[in-house]
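A single structure is presented below for examination.
Indexing begins at 1, ligand by ligand and atom by atom, following the structure's order. Only heavy atoms go into these numbers, but all of them, side chains included; no hydrogens, no water, no symmetry mates.
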Amino acid sequence: MNERAKFSSKLGLILASAGSAVGLGNVWRFPTEVGENGGAAFILIYILCVIVLGLSVMTSEFLIGRHTHANTFDAYKQLAPRSGWVFQGFLGVFTAWFILCYYCVVTGWTLKYLVDALTGSIGSITDSAAYFQAFTSSPWLPLAFMAVTLVMTHWVIVRGVQDGIEKYSKILMPVLLLIIAVPVICSFSMPGSKEGLRFLLRPDFSKINSDVILSAMGQAFFSLSLAMGCLCTYASYFGDDAKLMKTAGSVAAIDTTVAVMSGFIIFPAVFSVSEVAPDAGPGLVFITLPNVFQMAFSSVPWLGWIFSVMFYLLLLLAALTSMISIHEPVTAFLHEHYHLRRSTAAVIVTAVAMLFGVLCSLSFGVLNHVRPLMDMTFFDFFDFISAKIFLPVGGIIISLFVGWKLDRSLVIEEITNHGTLHIPVWLVRAYLFILKWIAPLAIGLIFINELALL
Ligand code: PHE
């Protein structure tokens, strides 16, 4: 058998994993949640969730992937043959596939808005809500943009682990981390931006209740790409010298920094245009921000251009590196488990995502009346099933698997790189305690809460 692919450097594996984590969740979903849930108070709780739950579950996914050097499905099969745990391997792969089907739709919108920013036409939109509505409900245009983002992702995936995923993560992620400063500065330079900053920095603890804490946990899981086989698959390409806990720490730090920076882009700008509520929901990025850009265009045109181009470029880069990481677990599974050629496997994944992506995209227009389940459109259905159902179930299973099922010596060997790393005993104990008790209980609560909201 050929030698299995590997990331060639530590920087490569950190940037690829960070590329997976940093995505629409950071730039689009995080600020929305912050706006709805009390500004800085939410951020503090979010950071706590990342440190306590996120890091433990991420380290566990890394451990499973790196130990087995196999795709997610075969990884569980190898660690717990002929047992119910194998279900998680299957679930991880399918969750990723489901997410890809609707994530590509929003990535397509991002590309369209980047084109509008580049041509400057974003500066002359008069009613951005109507514009967004007309675009997303039109039959062909969103499909074309969605298809382009899937083809770009496909193009990287077929190049393989080192020449595709690693190489492009090493290009796209540094660009993303460099350009993020530009929209932050532009946003700060808007008149009246201080109000937004105040909102972000002054914690309003009166808004904190159990729902807010559960939203913070859910957001942390989504943003860190947990429980969907992505990080587990990437870790199967890690070398034996990769430090799992440290890598998890770096990825979480990059992810959280980008999320908070996105808050610094969005709130000062949004407060500067009007009294719009900062909790305008997902429309924030595609409706409220274009208003900001129009204002910037009308006062200083080049500022409006730079601000809008850099913002949508940032969003696109973030989304594309995540799409790559969602494509890979499925491709690796089909390639390794069914012995298909990698390129054939990738074509199947892309084609199926394209097919369901069409349904998700059209659910904003001609298919809006088709409601496959509980009055949800296709888009909402795919989002709900993957992010609200499969994700917490997966999180619980992973924690229980590593906390209770795996041999403790195997777990310790992996996180200490066979005893060569000195990890304090208290940290190992805390890690195992979280996996055994805290994570399953906490994620179980998120899950029950999501269901109760139905
Ligand atoms: N973490 C990504 C984001 O923040 C989304 C994602 C989810 C990526 C699941 C991979 C797997 O947008």
What protein heavy atom sits nearest atom 8 (C) of ligand 1, and how far off is it?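 Looking at atom 8 (C) of ligand 1, the protein heavy atom closest to it is Ser225 OG, 3.2 Å.
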If you take all heavy atoms of Ile265 and Phe307, which pair is closest and at what distance?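 Nearest pair, atom of Ile265 first, then Phe307: CG2-CE2, 4.1 Å.
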Taking atom CH2 as the centre, does Trp404 end up with more than 12 heavy-atom neighbours from other residues, nucleotides or ligands that are less than 6.0 angstrom away?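 Yes, because the 6.0 Å sphere around CH2 of Trp404 holds more than 12 heavy atoms from other groups.
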Among protein heavy atoms, which sits nearest to atom 9 (C) of ligand 1, and what does the distance come to when rounded to 0.1 Å?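 Looking only at protein heavy atoms, the one closest to atom 9 (C) of ligand 1 is Met228 SD, 3.0 Å.
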Taking heavy atoms and a distance under 4.0 Å, where does Tyr103 meet ligand 1: side chain, backbone, both or neither?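 It is the side chain that touches ligand 1; the backbone stays farther off.
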Can you name the atoms of ligand 1, numbered from 1 with element, that are less than 4.0 Å from a heavy atom of Ser223?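 Those of ligand 1 that fall under 4.0 Å from Ser223 are 1 (N), 4 (O).
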Atom 11 (C) of ligand 1 - nearest protein heavy atom and its distance: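 Going atom by atom, the protein heavy atom closest to atom 11 (C) of ligand 1 ends up being Cys230 SG, 3.4 Å.
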Under a 3.5 Å threshold, yes or no: a donor from one side chain and an acceptor from the other, between Thr233 and Thr72?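 Yes, side-chain donor-acceptor contact under 3.5 Å.
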What's the shortest heavy-atom distance between Glu61 and Ile398, and which atoms?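 For Glu61 and Ile398, the tightest heavy-atom pair comes out as OE2-CD1, 3.7 Å.
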Tell me whether Glu328 is salt-bridged to Arg342, with the criterion being a basic N under 4.0 Å from an acidic carboxylate O.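 Looking at Arg342 together with Glu328, the answer is yes, because their closest N to O distance falls below 4.0 Å.
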When the ring planes of Tyr168 and Trp155 are compared, do they come out parallel, tilted or perpendicular, using 30° and 60° as the limits?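 The rings of Tyr168 and Trp155 stand perpendicular, inter-plane angle above 60°.
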Looking only at distance, does Val22 have an N or O less than 3.5 Å from an N or O of ligand 1?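 No, since none of the N or O atoms of Val22 sits under 3.5 Å from an N or O of ligand 1.
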Polar atom proximity, Phe222 to ligand 1 (N or O, under 3.5 Å):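 Min N/O separation from ligand 1 is below 3.5 Å for Phe222.
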Ring center gap for Tyr312 and Phe293 short of 6.0 angstrom: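 That pair passes the under 6.0 Å test.
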Any atoms of ligand 1 less than 4.0 Å from a non-hydrogen atom of Ser20? List them with their elements.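 Those atoms are 1 (N), 2 (C), 8 (C), 10 (C).
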With heavy atoms of Ser325 as the reference, note each atom of ligand 1 found under 4.0 Å away.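 Those of ligand 1 that fall under 4.0 Å from Ser325 are 10 (C).
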Could you go step by step and tell me if Tyr103 and Phe382 meet the side chain to side chain contact (heavy atoms under 4.5 Å, CB included) rule? CA-CA 10 Å; Tyr103 207 87; Phe382 273 79; over 6 Å; no
Atoms in ligand 1 flagged as close to Asn26, the criterion being non-hydrogen separation under 4.0 Å: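 Selected atoms, number and element: 4 (O).
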State the atoms of ligand 1, each with its element, that fall below the 4.0 Å cut-off from a heavy-atom position in Ala21.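 Answer, ordered by atom number: 1 (N), 2 (C), 3 (C), 4 (O).
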Counting each atom of ligand 1 from 1 as listed, which ones have a heavy atom of Ile326 under 4.0 Å away?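 Answer, ordered by atom number: 8 (C), 10 (C), 11 (C).
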